[in-house]
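Worksheet: the structure to be examined is printed underneath.
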Amino acid sequence: MAKEITGRTEDYSQWYIDIVKKANLADNSAVRGCMVIKPYGFAIWENIRDQLDRMFKETGHVNAYFPLFIPKSFLSKEAEHVEGFAKECAIVTHHRLMNAPDGSGVVVDPEARLEEELIVRPTSETIIWHTYKDWINSYRDLPLLINQWANVVRWELRTRLFLRTAEFLWQEGHTAHATKEEAMEETLRILDIYARFAEEYMAMPVIKGIKTANERFAGAEETFCIEALMQDGKALQAGTSHFLGQNFAKAFDVKFLNENNQEEFVWATSWGVSTRLMGGLIMTHSDDEGLVLPPKLAPTQVAIVPIPKPATEIDEVAQKIMNALKARGITCIYDTDMKKRPGFKFAEQELKGIPVRLAIGQRDLENGVVEVARRDTKEKTSVALDGVDRYVEDLLKDIQNSLFQRAKDFRTEKTFRVDTFDDFKSIIDEDIPGFVSAHWDGTTETELKIKELTKATIRCIPLENDPEEGVCILTGKPSSQRVLFAKAY
RNA sequence: CGGGAUGUAGCGCAGUCCGGUAGCGCACCUGCUUUGGGAGCAGGGGGCCCCAGGUUCAAAUCCUGGUAUCCCGACCA
């Protein structure tokens, strides 16, 4: 009716945009490629952020904040790094405006040119490693485990709400270690946190893996990632954790004295997840009625609707239920809007992905029950008033689990093992392609050729991979393990 | 950044070909009646027709240049 959402099968991209806009998550802004995150969308992001922040702190990390601007010269100190980001940087060249001589408005004051241009950070390795040089002298200063929550800018040519915006919010961890082993452990520890968060909170199953050299972060020795499969059969890189080796330590001359009084370069990691997770959350669970949120991340977990409208007796019961739910740590609202009829409220709450709805009418009160509806399956049941809080608590857990299970079943169904290029291509060309597990000869050349021919890329070399002798689907050269291909966002 | 499409009320659109007082549906406001899956009737408010030039007596409409969004490519979290 008023809020028509394009069907997923009709036009998946348009469906995604409709969900983002109509569920009030975000909007395009007056600035090209930059979005406005609206209060409801931001509330979900805050839940994501708070949870991750807790997990980082539990593993010994602390938060700090580094500047938005990076002197241009910093960026060029690590050769691969600058090459990776040079093409998508916003650059500050001046520091003052002036009234236009012809009165047409405000213009840049040519006198106010900066001696050295500033780059709006696309990521903060350089400014942070420049700072770490002063912070690290001894092995006693290590490990240094720092995270920052920030915005970054990458001048993307083609943007999509949450999935790829010119400015986005993220966290970036930057750690320094005395040994290679420790740094590698850290890289994997974070990867585990990301995977656990994705699966336990977002209910989004992910594959942990290693990126190929071609897909590796600019400046990293090894990039680990979590990859998720969206409903349209395309993969989404949901988080990355990089083992940086000594690249940045060498570029920024960060050395420490070890226990034997010998000077060594420190070992580094960096890792991040962004507001892109919001896109993953939407595309993993939502349907043609609107957003579907896992209870653990839903800003409001339960909505109570009086049928047909607020009334003393109903209000009292609703209040009692709310108190009981809140005592169990469940967030809920009581929708007393007199202007909206129940059907409208139902539709609106479904659009916003509120996991559970309780409807209470005179008929229910007479029977001592309330109607409980779950967003994920749209099933409705009558539940005894007495103990409904416990029922809802269990139901929320059940929804959380079944969303995960449903997404996992979908991924299983859409993961294929193939041994010939023809089979590979026919799966990738499907409307809803999915992951394809296939042998690859290990060369960038073959990887790029496959991308050119099929648009599929190697998402990762899964960590939990059994070695298996085979031959590359394209070149027929020997291969020792399968890698995971997909079309990707 | 290349190709295509589209910018008209908060949203969705008609009007543009063929220039002549800016319309429809939803939403919004007021009132009454309603209320177990997006209510009905009546009345009302809201527009630099994306922006800037040009042509013309006259431009939403024609011309030029910008710009934004969406789709497809290349690039990328």
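Letters A, B, ... are given to chains in the order of the sequence lines, protein chains preceding strands, and every chain is numbered from 1. All values below come from the heavy atoms of this structure, side chains included, with hydrogens, waters and symmetry mates left out.
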Check your understanding: Paired with B:A42 by Watson-Crick or G-U wobble geometry, both distances under 3.5 Å: which nucleotide is it?
Key -> B:U30
Point to revise | Residue met sooner reading RNA chain B from 5', once A:Gln14 and A:Arg459 are mapped to nucleotides | key: A:Gln14
Check your understanding: Can a side chain N or O of A:Arg341 be found less than 4.0 Å away from OP1 or OP2 on B:G36?
Key -> yes
Review point. Counting any heavy atom closer than 4.0 Å, what does A:Lys455 reach on the DNA or RNA strands: base, sugar-phosphate only, or nothing?
Key: sugar-phosphate
Point to revise | C1' gap between B:C49 and B:G36, integer Å | key: 44 Å
**Study point:** From B:G37, B:G38, B:A77, nucleotide with atom closest to A:Phe346 side chain
**Key:** B:G37
Check your understanding: Between atom CD in A:Glu350 and atom C1' in B:G38, what is the gap in whole Å?
Key -> 10 Å
Practice item. Heavy atoms only: give me the nearest A:Phe248-A:Trp129 pair and the separation to one decimal. Key: CB-CG, 3.8 Å
Review point. Hey, does A:Glu452 reach any base, or is it just sugar-phosphate, or nothing, if we go heavy atoms under 4.0 Å?
Key: nothing
Check your understanding: So do the side chains of A:Ile360 and A:Ile321 get within less than 4.5 Å of each other, counting heavy atoms only?
Key -> yes
**Study point:** Per A:Thr165 side chain, nearest of listed nucleotides B:C71, B:G36, B:A77
**Key:** B:A77
Review point. Which whole number of Å gives the distance between the P atom of B:A52 and that of B:U61?
Key: 12 Å
**Study point:** Touch class at under 4.0 angstrom, heavy-atom based, for A:Thr123 against every strand present
**Key:** nothing
Point to revise | B:G10 to B:G73 separation - P atoms, rounded to the nearest Å | key: 34 Å
Point to revise | Span that lies between the C1' atom of B:U67 and that of B:C50, in whole angstrom | key: 8 Å
Exercise for review: Let me know, please, whether A:Arg357 or A:Thr240 comes out on the 5' side of the other along RNA chain B by nearest nucleotide.
Suggested key: A:Arg357
Check your understanding: Looking for any heavy atom pair under 4.0 Å, which part of the strands does A:Ile17 touch: base, sugar-phosphate only, or nothing?
Key -> sugar-phosphate
Practice item. Determine, for A:Lys38 against A:Asp27, whether the closest basic-nitrogen to carboxylate-oxygen distance falls under 4.0 angstrom. Key: yes
Exercise for review: To the nearest Å, give me how far apart NZ (A:Lys339) and P (B:U33) are.
Suggested key: 14 Å
Review point. Hey, does A:Gly280 reach any base, or is it just sugar-phosphate, or nothing, if we go heavy atoms under 4.0 Å?
Key: nothing
Check your understanding: Looking across every strand, which nucleic acid part, if any, lies under 4.0 Å from A:Lys451 by heavy atom: base, sugar-phosphate, or nothing?
Key -> sugar-phosphate
Review point. Should A:Phe224 and A:Lys208 be marked as a side chain to side chain contact (heavy atoms under 4.5 Å, CB included) after you check the CA-CA gap, both sets of side-chain angles, and the distance that decides it?
Key: CA-CA 7 Å; A:Phe224 295 82; A:Lys208 289 189 282 188; over 6 Å; no
Revision key, fill the gap. Between NE2 of A:His81 and C1' of B:A77 the distance, given in whole Å, is 14 Å
Practice item. Sort out the partner of B:U69 for me: Watson-Crick or G-U wobble, both distances under 3.5 Å, none otherwise. Key: B:A5
Check your understanding: When rounded to the nearest Å, what value does the distance between C1' atoms of B:C32 and B:U16 take?
Key -> 42 Å
Study note, to complete from the structure: Winner on side-chain proximity to A:Lys380, out of B:G37, B:C71, B:C1, is B:G37
Practice item. Between B:G46 and B:C26, how far apart are the C1' atoms? Round to whole Å, please. Key: 15 Å
**Study point:** Complement of B:G36, any strand, by Watson-Crick or G-U distances under 3.5 angstrom
**Key:** none
Study note, to complete from the structure: side-chain hydrogen bond (donor to acceptor under 3.5 Å, both in side chains) test vs A:His61 passes for just one of A:Arg189, A:Gln171, A:His174, A:Glu186, namely A:Glu186
**Study point:** Gap between atoms CD and P, on A:Glu83 and B:C75 respectively (whole Å)
**Key:** 14 Å
Check your understanding: Counting side-chain heavy atoms from CB outward, which of B:C70, B:C71, B:A77 is closest to A:Glu156?
Key -> B:A77
Review point. Are any of A:Arg158's side-chain N or O atoms less than 4.0 Å away from OP1 or OP2 of B:U69?
Key: no
Study note, to complete from the structure: The Watson-Crick or G-U wobble partner of B:A77, with both key distances under 3.5 Å, is none
Check your understanding: Relative to A:Phe217, does A:Lys211 satisfy both conditions: NZ or CZ under 6.0 angstrom from the six-membered ring centre, and within 45 degrees of the ring's axis?
Key -> no
**Study point:** Watson-Crick or G-U wobble mate for B:U64, both contacts under 3.5 Å
**Key:** B:A52
Check your understanding: Does B:C11 pair with anything, Watson-Crick or G-U wobble, both distances under 3.5 Å, and if so, with which nucleotide?
Key -> B:G25
Check your understanding: Which part of the nucleic acid, if any, lies within contact of A:Asp364, taking any heavy atom under 4.0 Å across all strands shown: a base, the sugar-phosphate backbone alone, or nothing?
Key -> base
**Study point:** Pairwise C1' distance for B:A22 and B:A58, with rounding to whole Å
**Key:** 16 Å
Check your understanding: Less than 6.0 Å separating the ring centroids of A:Phe243 and A:Trp271?
Key -> no
Point to revise | Euclidean distance, atom CG of residue A:Asp11 to atom P of B:A5 [Å, nearest integer] | key: 18 Å
**Study point:** A:Lys378 NZ to B:G38 C1', straight-line distance once rounded to whole Å
**Key:** 12 Å
Study note, to complete from the structure: Between CG of A:Asn28 and C1' of B:G10 the distance, given in whole Å, is 16 Å
Review point. What is the distance, rounded to the nearest whole Å, between atom CZ of A:Phe344 and atom P of B:G38?
Key: 11 Å
Practice item. Searching all strands shown, indicate the nucleotide that pairs with B:U16 (Watson-Crick or G-U wobble; both distances under 3.5 Å). Key: none
Review point. CD of A:Glu46: more than 12 outside heavy atoms within 6.0 angstrom?
Key: yes
Exercise for review: Output the single nucleotide from B:G38, B:A77, B:C72 whose closest atom is nearest the side chain of A:Phe168.
Suggested key: B:A77
Check your understanding: Distance between the C1' atoms of B:C62 and B:A74, in whole angstroms?
Key -> 36 Å
